[in-house]
Amino acid sequence: MGYTFDFGAVFDRAPELFWGSLGTLGLAVAGMILALAIGILGVAARTSKNKLVRAPVISFVEVVRNTPFLVQIFFIYFALPLMGIRLSPTATAIIALGINGGAYAIEIIRGGVESVSKGQVEAGFALGLHKADVFRLIVLKPALRAIYPSLTSQFVMLTLTTSVCTSIAAYELTSAAQRIESDTFRSFEVYFSVTAIYLVISSLMMGIFALISRHYFNYPTR
């Protein structure tokens with residue numbers, strides 16, 4: 001076929017791919033933390049009896065879940081400066097990832113919260129626990145155990161979504177790969193290597209999530 005594979009150019013630029021991988025992990029972890037915070041707070045508002053509290057959260061979830069992430073990150077990147085708020089590409093990427101992941105986290109966590117029986121909640125109030133303590137100890141922890149696989153899968157997907165952040169010049173693995181590809185013109189070798197790195201990152205994260213599950217959620221339910 002006339003094409004000679006040469007991975008030497010990729011190996012020579014391996015440090016850039018390494019730092020790009022760290023950039024991806026940094027965006028992913030920061031985005032996950034923000035998404036989880038939005039998810040928990042959003043569920044508290046989503047399950048409120050007050051329609052004025054529920055409605056904005058429902059609208060937020062629908063808008064985020066029904067628009068492309070690329071459009072969302074462009075909107076944040078170009079809209080915030082119009083309001084006098086100027087952020088770096090990395091900060092903008094973290095906010096966009098957190099908002100996107102948070103919308104999905106709200107629905108995932110809500111499903112877990114609604115799986116907790118009302119009898120357990122009533123028992124918590126009967127013991128004199130404050131509403132916040134009932135939500136944290138009786139509702140949230142069992143709910144997180146129930147939805148942990150779905151939530152962690154969403155976080156792995158969020159990690160892979162960081163590749164879109166190169167569109168606003170945020171430094172991560174895909175942006176590093178684009179620079180290497182433009183310098184070496186070794187598109188196949190570069191993106192084959194990047195694919196392998198993303199697989200390693202995803203596998204590593206799934207392994208970490210499995211360890212956390214065994215440590216924090218491995219207790220009897222009855």
Side-chain angles (χ1 to χ4, degrees), residues 5-40 64 68-78 80-81 85-105 148-216:
F5 295 101
D6 181 12
F7 284 88
V10 177
F11 295 143
D12 291 341
R13 306 287 288 271
E16 293 179 47
L17 293 176
F18 172 75
W19 289 111
S21 299
L22 291 184
T24 289
L25 288 172
L27 290 177
V29 171
M32 286 178 214
I33 293 172
L34 181 57
L36 187 59
I38 291 173
I40 293 172
V64 173
F69 177 71
L70 181 61
V71 174
Q72 295 167 17
I73 196 170
F74 277 153
F75 178 81
I76 296 172
Y77 187 67
F78 292 111
L80 289 181
I85 303 173
R86 298 188 179 277
L87 299 174
S88 67
T90 298
T92 302
I94 291 171
I95 293 172
L97 289 166
I99 289 174
N100 183 271
Y104 287 92
Y148 187 79
S150 299
L151 192 63
T152 53
S153 295
Q154 182 60 42
F155 284 160
V156 171
M157 183 65 68
L158 192 70
T159 302
L160 300 179
T161 304
T162 59
S163 60
V164 180
C165 298
T166 189
S167 60
I168 61 167
Y171 186 74
E172 42 77 52
L173 181 58
T174 299
S175 65
Q178 288 179 339
R179 276 190 279 272
I180 296 172
E181 189 272 338
S182 65
D183 291 341
T184 63
F185 300 101
R186 289 289 172 177
S187 302
F188 176 82
E189 291 88 338
V190 170
Y191 289 110
F192 181 86
S193 302
V194 168
T195 299
I197 294 172
Y198 274 119
L199 285 172
V200 170
I201 291 174
S202 298
S203 299
L204 178 63
M205 293 187 68
M206 287 188 287
I208 293 172
F209 286 141
L211 288 174
I212 294 173
S213 177
R214 284 197 292 268
H215 183 74
Y216 288 101

Of all heavy-atom pairs linking Ala105 and Ala35, the shortest is CB-O, 3.9 Å

By salt bridge (charged side-chain N to carboxylate O under 4.0 Å, His left out), Asp183 pairs with (sequence neighbours left out) Arg13

Is it the case that atom CZ in Phe78 sees more than 12 heavy atoms from other parts of the structure closer than 6.0 Å? yes

Only pairs under 3.5 Å count here: list side-chain donor-acceptor contacts from residues 200-207, not counting sequence neighbours, and write none if there are none.
from: Ser202; atom 1: OG; to: Tyr198; atom 2: O; distance (Å): 3.0
from: Ser203; atom 1: OG; to: Leu199; atom 2: O; distance (Å): 2.9

How about Leu36 and Leu151: do any of their side-chain heavy atoms sit closer than 4.5 Å? yes

Residue pairs, two or more places apart or on separate chains, that pass side-chain hydrogen bond (donor to acceptor under 3.5 Å, both in side chains) and touch residues 18-32: none

Heavy-atom side-chain contact between Arg86 and Leu80 under 4.5 Å: no

Nearest heavy-atom pair of Ala170 and Ser175: which atoms, and what distance? O-OG, 3.4 Å

Rounded to the nearest 0.5 angstrom, the OG1-CD1 distance for Thr162 and Ile73 is 9.5 Å

Would you say CZ of Phe7 has more than 12 non-hydrogen atoms from neighbouring residues, nucleotides or ligands within 6.0 angstrom? yes

From Ile85 CD1 over to Ile76 CD1, what is the distance, rounded to the nearest 0.5 angstrom? 11.0 Å

Residue pairs passing the ring pair (Phe, Tyr, Trp, His ring centres under 6.0 Å) test with at least one member in residues 171-191, sequence neighbours excluded, are Phe5-Phe188, Phe188-Phe192

Residue pairs passing the salt bridge (Lys or Arg N to Asp or Glu O under 4.0 Å) test where at least one lies in residues 24-34, sequence neighbours excluded: none

Kindly write out the residues that satisfy salt bridge (charged side-chain N to carboxylate O under 4.0 Å, His left out) with Glu181, not counting sequence neighbours, or none if the list is empty. none

Could you tell me the separation between the CG atom of Leu158 and the OH atom of Tyr104, rounded to the nearest 0.5 Å? 10.5 Å

Sidechain-backbone polar pair: Glu172 side chain, Gly23 backbone, donor-acceptor under 3.5 Å: no

Do any N or O atoms from the side chain of Thr161 and from the backbone of Met157 form a donor-acceptor pair under 3.5 angstrom? yes

Give, for atom OG of Ser167 and atom CZ of Phe74, the distance between the pair rounded to the nearest 0.5 Å. 4.0 Å

Mind checking what makes side chain to side chain contact (heavy atoms under 4.5 Å, CB included) contact with Asp12, not counting sequence neighbours? none

Identify, with sequence neighbours excluded, every residue that meets side chain to side chain contact (heavy atoms under 4.5 Å, CB included) alongside Leu211. Arg214

With a 4.5 Å limit on heavy-atom distance, are the side chains of Thr159 and Met32 in contact? yes

With sequence neighbours excluded, tell me which residues meet side chain to side chain donor-acceptor pair (under 3.5 Å) with Ser163. none

The side chain to side chain contact (heavy atoms under 4.5 Å, CB included) partners of Ala14 (sequence neighbours excluded) come to none

I need the full list of salt bridge (Lys or Arg N to Asp or Glu O under 4.0 Å) pairs touching residues 149-169, with sequence neighbours left out, sorted by first then second residue. none

Please report the closest heavy-atom contact between Val190 and Ala177, naming both atoms and the distance. CG1-O, 3.5 Å

For Arg186 and Ala9, which heavy atoms make the closest approach, and how far apart are they? CG-CB, 4.4 Å

How far apart are the C-alpha atoms of Ile212 and Tyr148, what are their side-chain angles, what is the distance that settles it, and do they pass the side chain to side chain contact (heavy atoms under 4.5 Å, CB included) test? CA-CA 10 Å; Ile212 294 173; Tyr148 187 79; 3.4 Å; yes

Distance-only criterion, 3.5 Å: show the donor-acceptor pairs between side-chain atoms of residues 92-103 and protein atoms not counting sequence neighbours.
from: Thr92; atom 1: OG1; to: Ser88; atom 2: O; distance (Å): 3.0
from: Asn100; atom 1: ND2; to: Gln72; atom 2: OE1; distance (Å): 3.0

Value for CD1 (Ile180) from OG (Ser193), rounded to nearest 0.5 Å, stands at 8.5 Å

